[in-house]
Structure formats: C-alpha cells, structure tokens
Number of protein chains: 2
Amino acid sequence: MARLADPALAQRRRREIVEAAMTCFRKRGFHQASMHEICAAAGISAGALYRYFPSKADIILTIAEEDQRATEALIESIAAGADITESLVNIARDVVCRCGENQPLTADVLAEAMRDPALAKRFAGRILEMQERLARAIAAGQRRGSVERSVDPDTAARLVTLMIDGLVLRAAIVGAEGGEQLAAAFRTFVERVLKPAQATSPRRTARLVVSPES
Amino acid sequence: MARLADPALAQRRRREIVEAAMTCFRKRGFHQASMHEICAAAGISAGALYRYFPSKADIILTIAEEDQRATEALIESIAAGADITESLVNIARDVVCRCGENQPLTADVLAEAMRDPALAKRFAGRILEMQERLARAIAAGQRRGSVERSVDPDTAARLVTLMIDGLVLRAAIVGAEGGEQLAAAFRTFVERVLKPAQATSPRRTARLVVSPES
DNA sequence: ATTTAAAGAACGAACGTTCGCTTTATATGC
DNA sequence: GCATATAAAGCGAACGTTCGTTCTTTAAAT
C-alpha cells in the first residue's frame, strides 16, 4: 500500500470500496465474491483498490466489525429507551422488515467467527458486554416497575439476545410476509418474559375462568 | 461419473466422502475447504472421489440436507415426547453441549441458504413444516394440561424454533462453560412461555384467585 | 479378456495480488 | 502565462498459485 497524501480522499475511497464489497458479499458471500467483482462494483481498478486495502481479508474484517457495531447500536438503543419492552418490540419490527439486506452478511460473519477462534473470542466478548448492558437496563426497569420482577435480569438479557439472533437469521429466510408473524411472536415473547404480570400480560389464568377478554 | 457396479460399495464410499467433507467444512467452511483436502481426509484420490460425487456443490447439497434432517429429527423427538417442556429442556442441553461440532456447518448452511433462493425456499418449507408439527404437539399438550393454555400454539412453536436456532449458533461461540448458562436460560424461557402457570412458574399472580387447573 | 475401481498427473480457469506504466494534479522556475 | 518537474492516483495486464475437475494409466477382480 503506497503512501496516501489526502486522508479525506482515502477515507472516501475506503468507504466506497467497503460499500461495494458489502453488495458483492451479500450476493455471493465472503469467499465466493472475487476482488475483481468488488473492483467492478466500486468502479475502480484492482491497482487502485489495493492502494486503500492491503488485502481481501482486511476488507472482510472491516465489514465484520461494522456489522458488529450495528448490532451493538441496536442493543444500545434498547438500553437507552424508557420502556424496554416497547423498545424491544420496535427493534424487532425493524430487524424483520429490513429483510434480506444485511442478514446474509451477518450469517457470513457468524460462520467466519465459528472457525476463527480469535474472531470468536472478540465476538463472545462483545456479546457478553451487550448482555450485561441489557441486564442492567432490565434491572432498572424492574426497579421502575416496567419489567416483571420475578425474572433474573441476566437470564432475561441472555434470552433477548438469543431471540434477536434467531430473528435476524430467520427473517432473511421467511421473507417479508413471514416477518410480520415473526414480529408478532417476538411481542408475545417479550410480554411473557418481561412484561409485569399485572399489566397487560395474557397469562391471566384466572381471568379466563371469570370472563376471558371483554 | 462412471457406472458403479456395486451399490453397497458406492454407498459406503459416499458416506466416507461425506464424513471427510464434513470434517473439512467444519474446519474451513464450504468454500475454503478444497477438494484435495477432502480427498486426503477421505484417504482416496481425486479420481476416485469423482466416481461417487459429480461435483463439490453436490457434496455441499448432500450435507446441507443432512444437517436439515438432523434438526428435523430434533423437533420430531420433541413432538413425540410426553412432556414437551421437559423434552425441550433436554434437547437444549444436548444442543449446547455438543459444542463446536456441527454448529459451524449449520451456520454455513444458513449463509448458503440466504444467497440461494431455491435453497431458501426449501429451508422455509421445512421450517414451516416443523413449526406446524410442533404447534400440534403444543396444542395437544394444552389439552392434556402440560402446556399453558393461554399461549397461541403457532406463536409458541415459532418462538421455540427461533430460540433453538439462536441457541445452536450461540453455543458454538460461547463455548462449554457458557453452554450451561444458555441451557439455564432456555429453561427459564420454556417455563415462562410454555409451562402452566400453576406448576412451577414463578409468575403465579392469578392462581391465588381461582386456581383453574388443579 | 473384460470390466470395475483407484490413482494421480495434468488441465484450464479463476483467484488474490503485484507491478510497471499512464494520467492527473499541484508546485516551481521563468 | 506557460513550460517543466514531481508525486499521488489510477489503470489493467500479468504473475504465481490454487482451484475444481478430467484424463490417462494401472491394479484387481471376475
């Protein structure tokens, strides 16, 4: 990689390349998409590309980190929201609607992480961090009364991240119409696990006996 | 692919090849593992391999279907068990303990499915089928009283498959010690979503009032 | 002698990457 | 204002390698 005079240009080019690479990777996967394809998509030559990225692996790494940061931002916004349960449901809808956009990439990143122990370690660390943050938010919600008190915050946080992972990967497969059902299912999940019992939870066994849902 | 005289030998060789390929794919992924590696792992030559498989893609397809059938068998055994909630928890423990064995493959298959619409369609079909079977089992459990009555069986089935997907993929990343926590979390999930309220669920707000299910 | 199985060298294609060249932009001397 | 010098930016053919696959040959079995 030669010396780069203009940092602004370099940054712009790198972004263009990453963007082009993401398109290619989405369509064909990390290891099936070729550098030539990426060059074509970015509208530059191979020589030019290698001025801004030292290797294909480096592009992949950059994208993997970006993907991770996106999920992180998602969790962050959940933790920041006032009503966790509502935030969660909204996020889920976002995820399933953004169908087939970044999910293939996420799956690829995941597959990559499973083989590369170093990447897996980093992944595990981030997941743990997110879970802890979420757990704190849930605990805060419990103190405020917006979250069911009988749940262990750590467990609940684990469940939520697991469910979101499942959601992301499934959404890409079932397509748009299935997404609605997924979102609805997720709402049920949140209500069952996080919503306080006395609020609007459908688990009111006694009510069924008296008069189910007037 | 030349004519094969002995079907039994052919089947044996195919199995050996598939087994070897799975080892390679687990280690390096579908598109990074080479045919030569697979040949070496299977202990045969390239020429011999191509007598039993027409292409690499065909090996991948065979493995993808096998992986899918494995998940299917999992769900099947859940549906067959007497107590669904207990079966589920047991299955989950199995899944998270069998750490780093087949999960990389599953992730690869998933990533593959996301790019190949035909594969995705087949995937979606199988998932739907499994969900329906599971939903029927849940409905049966509700009639027997072993499953909470207020849950919609379809929604519950969807949630369970989502959660298992998340579990499978997460287990490989967090490793063995994290697996225990995952299994515990899954138990909580099942208790919250499927277990009848009066049984062991901590959420027993309504029971005090009527006690619908003695 | 004929057929099946296996081997492994060889093939063309495609890969990620490099390298030498050209173009473009900016600075300098007149 | 123009010619010249310098270096960054970009190009694309070419490199060596590796890939999935084929082909020719050999060994064994019937």
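Only this structure's heavy atoms are used, side chains among them; waters, hydrogens and symmetry mates stay out.
For the segment residues 55-64 of chain B, the set of residues with a heavy atom within less than 4.0 Å of an atom of DNA chain D comprises B:S55, B:K56, in numerical order.
In this structure A:R158 satisfies the salt bridge (charged side-chain N to carboxylate O under 4.0 Å, His left out) test with no other residue, sequence neighbours excluded. Among residues two or more places apart in sequence or in another chain, the side chain to side chain donor-acceptor pair (under 3.5 Å) test is passed with A:D83 by A:T85. In this structure, A:R149 has no side chain to side chain donor-acceptor pair (under 3.5 Å) partners at least two apart in sequence or on a different chain. Every residue was checked against the side chain to side chain donor-acceptor pair (under 3.5 Å) condition with A:D154, not counting sequence neighbours, and none meets it. Considering only residues two or more places apart in sequence or on other chains, B:R133 meets the salt bridge (charged side-chain N to carboxylate O under 4.0 Å, His left out) condition with B:E76, B:E129. A:S146 meets the side chain to side chain donor-acceptor pair (under 3.5 Å) test with no other residue; sequence neighbours excluded.
In terms of phosphate contacts, B:R51 brings no side-chain nitrogen or oxygen within less than 4.0 Å of OP1 or OP2 of C:dA7. Look at B:S45 and you won't find any side-chain N or O under 4.0 angstrom from OP1 or OP2 of C:dG8. The side chain of A:Y52 places an N or O atom within less than 4.0 Å of a non-bridging phosphate oxygen (OP1 or OP2) of D:dG10.
In this structure, A:L49 and A:I59 have side chains that are in contact, with non-hydrogen atoms separated by less than 4.5 Å.
Regarding A:L49, its CG atom lies at a distance of 12 Å from the P atom of C:dT18, rounded to whole Å. Summarising the geometry, the separation between CD1 on A:I38 and C1' on C:dA14 is reported as 15 Å, rounded to the nearest angstrom. Going from atom NE2 of A:H36 over to atom C1' of D:dA14 covers 10 Å, rounded to whole Å. Between B:I17 atom CD1 and C:dA5 atom P there is a gap of 12 Å when expressed in whole angstrom units. For the pair B:L9 CG and D:dA28 P, the computed distance is 16 Å after rounding to whole Å.
Distances were taken from every side-chain heavy atom of A:M35 (C-beta onward) to each of C:dT17, C:dA6, C:dA10; the shortest belongs to C:dT17.
Using a cutoff of 4.0 Å between basic side-chain nitrogens and carboxylate oxygens, A:E19 and A:R12 are not scored as salt-bridged. Here A:E180 pairs with A:R93 in a salt bridge; the nearest charged N to carboxylate O distance falls below 4.0 Å. Between B:R126 and B:E72, at least one side-chain nitrogen of the basic residue sits less than 4.0 Å from a carboxylate oxygen of the acidic one, meeting the salt-bridge criterion. Comment: B:R13 engages B:E16 in a salt bridge, judged by a side-chain N to carboxylate O separation of less than 4.0 angstrom. Under a 4.0 Å N-O distance rule, the pair B:R28/B:E37 qualifies as a salt bridge.
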Identify the pairs formed between an N or O of the protein and an N or O of nucleotides 22-27 of chain D at a distance under 3.5 Å, and give each distance.
none

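Axis angle, first five pairs versus last five pairs of the helix from C:dA1-D:dT30 to C:dC30-D:dG1: 10°, rounded to 10°.
Residue B:A10 is classed as having no contact, given no heavy-atom separation below 4.0 Å to the nucleic acid.
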Checklist entry - When every nucleotide of nucleotides 23-28 of chain C is labelled 5' to 3' by its protein contacts under 4.0 Å (heavy atoms), B for base, S for sugar-phosphate only, - for none, what sequence of letters results? => result ------
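Residue pairs satisfying the ring-ring contact (aromatic ring centres under 6.0 Å, His included) criterion with at least one member in residues 155-188 of chain B, sequence neighbours excluded, are listed as follows: B:F186-B:F189.
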Can you give me every donor-acceptor pair (side chain of residues 110-124 of chain A, partner residue at least two apart or in another chain, under 3.5 Å) with its distance?
from, atom 1, to, atom 2, distance (Å)
A:E112, OE1, A:H31, NE2, 3.3
A:E112, OE2, A:H31, NE2, 3.1
A:R115, NH2, A:A111, O, 3.4
A:R115, NH2, B:D108, OD1, 3.1
A:D116, OD1, A:A118, N, 3.0
A:R122, NH1, A:E65, OE2, 2.2

